[in-house]
Colleague: 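Provided herewith is a single structure, encoded as structure tokens, for subsequent inquiry.
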Amino acid sequence: MNGRWDTKYSGKEYAYGEASNNYFKEIIDTLPPGKILLPADGESRNGVYSAKKRWTVDAFDQSKQAKEKAMQLAVKNGVNIMYKVIDFEEAKENYIPDYYDAIALIYVHIAHSKRTEYYKMLLSLLKSGGYIILEGFSKEHLEYQQINSSVGGPSDVDMLYSTDEIKTDFPELEIINLEQIEIELSEGAGHKGTGSVIRFFGRKK
Ligand SMILES: C[S@@+](CC[C@H](N)C(=O)[O-])C[C@H]1O[C@@H](n2cnc3c(N)ncnc32)[C@H](O)[C@@H]1O
């Protein structure tokens, strides 16, 4: 895994662009700044955007190369982010419980059994009243990938999202928005074309 992502991030260009994800931006722009955690933040297009919006940013990713690109993007934008090179498995011991106002999972594709375990851990880090912001490819996205592989995303259906899974995986969250939609992606060379995504915005009661 490490090698694959390090290679993806080794180019000069940003794999998913330098601009934040549209859904993430749409939501973060409506929230008062606080403390945000971005797991699997990659080159930190969303972490850097949050810092520009005056959020205090903690981010992590298992790729060392991702962090290098993330820190360059932060410097370019004149902001500070706290970024650790760690795996999800190590996150619990690295962060403070009941601390974050928001946690964002943008295109975080991991096998479902592991994902549910990680969600529990992440929810323990979220304050009561805090938000989860998530966008990722849906299970139907496989059909879109067959038409256009440039749209990106994993080919293993178990790593893809469904609205039903989100409902069962986050029973303790109030659902503010949960939808599966077809969108046009233009996020660097990594996400280019029409795809099917799940968008979720939830609040911890
Ligand atoms: C599709 S990229 C998305 C990056 C970023 N969230 C974005 O939207 O630009 C997925 C990221 O998940 C990270 N990742 C995958 N498995 C991980 C794990 N077990 N622990 C930490 N990071 C992981 C990869 O290194 C990669 O940067």
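Numbers for residues simply follow the sequence, beginning at 1. Every number for a ligand or one of its atoms is a count from 1 in the order of the listing.
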Colleague: Short list, please: which atoms of ligand 1 are under 4.0 Å from a heavy atom of Tyr9?
Modeller: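 Selected atoms, number and element: 2 (S), 4 (C), 26 (C), 27 (O).
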Colleague: Do Asp6 and Ser63 have side-chain N/O donor and acceptor atoms under 3.5 Å apart?
Modeller: yes
Colleague: Just let me know how Ala40 lines up against ligand 1, side chain, backbone, both or neither, with a heavy-atom cut-off below 4.0 Å.
Modeller: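 Both backbone and side chain.
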Colleague: Keeping the roles fixed (side chain from His109, backbone from Gly153), state whether a donor-acceptor pair exists under 3.5 Å.
Modeller: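 Side chain of His109 to backbone of Gly153: no pair is present.
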Colleague: I need the contact type for Phe88 against ligand 1. Using non-hydrogen atoms and a strict under-4.0 Å cut-off, is it side chain, backbone, both or neither?
Modeller: both
Colleague: Please say whether Asp87 places an N or O atom under 3.5 Å from an N or O atom belonging to ligand 1.
Modeller: yes
Colleague: Just checking Phe60 against Phe88, ring centres under 6.0 Å apart?
Modeller: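 Yes: the rings meet the under 6.0 Å criterion.
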Colleague: Would you check the N or O atoms of Phe60, main chain and side chain alike, for any that come under 3.5 Å of an N or O of ligand 1?
Modeller: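 No, there is no polar N/O contact under 3.5 Å.
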Colleague: Is the shortest N/O to N/O distance between Ile106 and ligand 1 below 3.5 Å?
Modeller: yes
Colleague: Can Thr194 and Glu184 be counted as having a side-chain donor-acceptor contact under 3.5 angstrom?
Modeller: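 The criterion, which ignores hydrogens and geometry beyond distance, is satisfied for Glu184 and Thr194.
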Colleague: Quick check: does Gln62 get an N/O under 3.5 Å from an N/O on ligand 1?
Modeller: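 N/O-N/O distance under 3.5 Å: yes.
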Colleague: With distance as the sole criterion, is a donor-acceptor pair present between the side chains of Glu68 and Tyr9 under 3.5 Å?
Modeller: no
Colleague: What do we get for Glu43 next to ligand 1 when only non-hydrogen atoms under 4.0 Å count, side chain, backbone, both or neither?
Modeller: neither
Colleague: For ligand 1, which atoms sit closer than 4.0 Å to a heavy atom of Ile86?
Modeller: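 What qualifies from ligand 1 is 21 (C).
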Colleague: Is there a polar contact between ligand 1 and Tyr16, counting only N or O atoms under 3.5 Å apart?
Modeller: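 So ligand 1 has no N or O lying under 3.5 Å from an N or O of Tyr16.
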Colleague: Using a 6.0 Å cut-off, check whether atom CG of Asn22 has over 12 heavy atoms from anything other than its own residue.
Modeller: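 No, CG of Asn22 has 12 or fewer neighbouring heavy atoms, counting only those of other groups under 6.0 Å.
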Colleague: Ignoring hydrogens, what is the shortest heavy-atom contact between Leu134 and Tyr23? Give both atom names and the distance.
Modeller: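 Where Leu134 meets Tyr23 most closely, the heavy atoms are O-CE2, 3.6 Å.
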Colleague: Between atom CE of Met121 and atom CD of Glu90, what is the distance when rounded to the nearest 0.5 Å?
Modeller: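 Taking CE in Met121 and CD in Glu90, the distance rounds to 10.5 Å.
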Colleague: So is Asp41 touching ligand 1 or not, going by heavy atoms under 4.0 Å?
Modeller: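 For ligand 1, residue contact (heavy atoms, under 4.0 Å) with Asp41 is present.
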Colleague: Does Asn21 come within less than 4.0 angstrom of ligand 1, counting non-hydrogen atoms of the residue?
Modeller: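 Contact check Asn21 vs ligand 1: negative.
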Colleague: Which option out of Phe24, Tyr14, Tyr107 puts a heavy atom nearest to atom 1 (C) of ligand 1?
Modeller: Tyr107
Colleague: I'd like to know if the side chain of Lys8 reaches the main chain of Ala15, judged simply by a donor and an acceptor atom lying under 3.5 Å from each other, with no hydrogens or angles considered.
Modeller: no
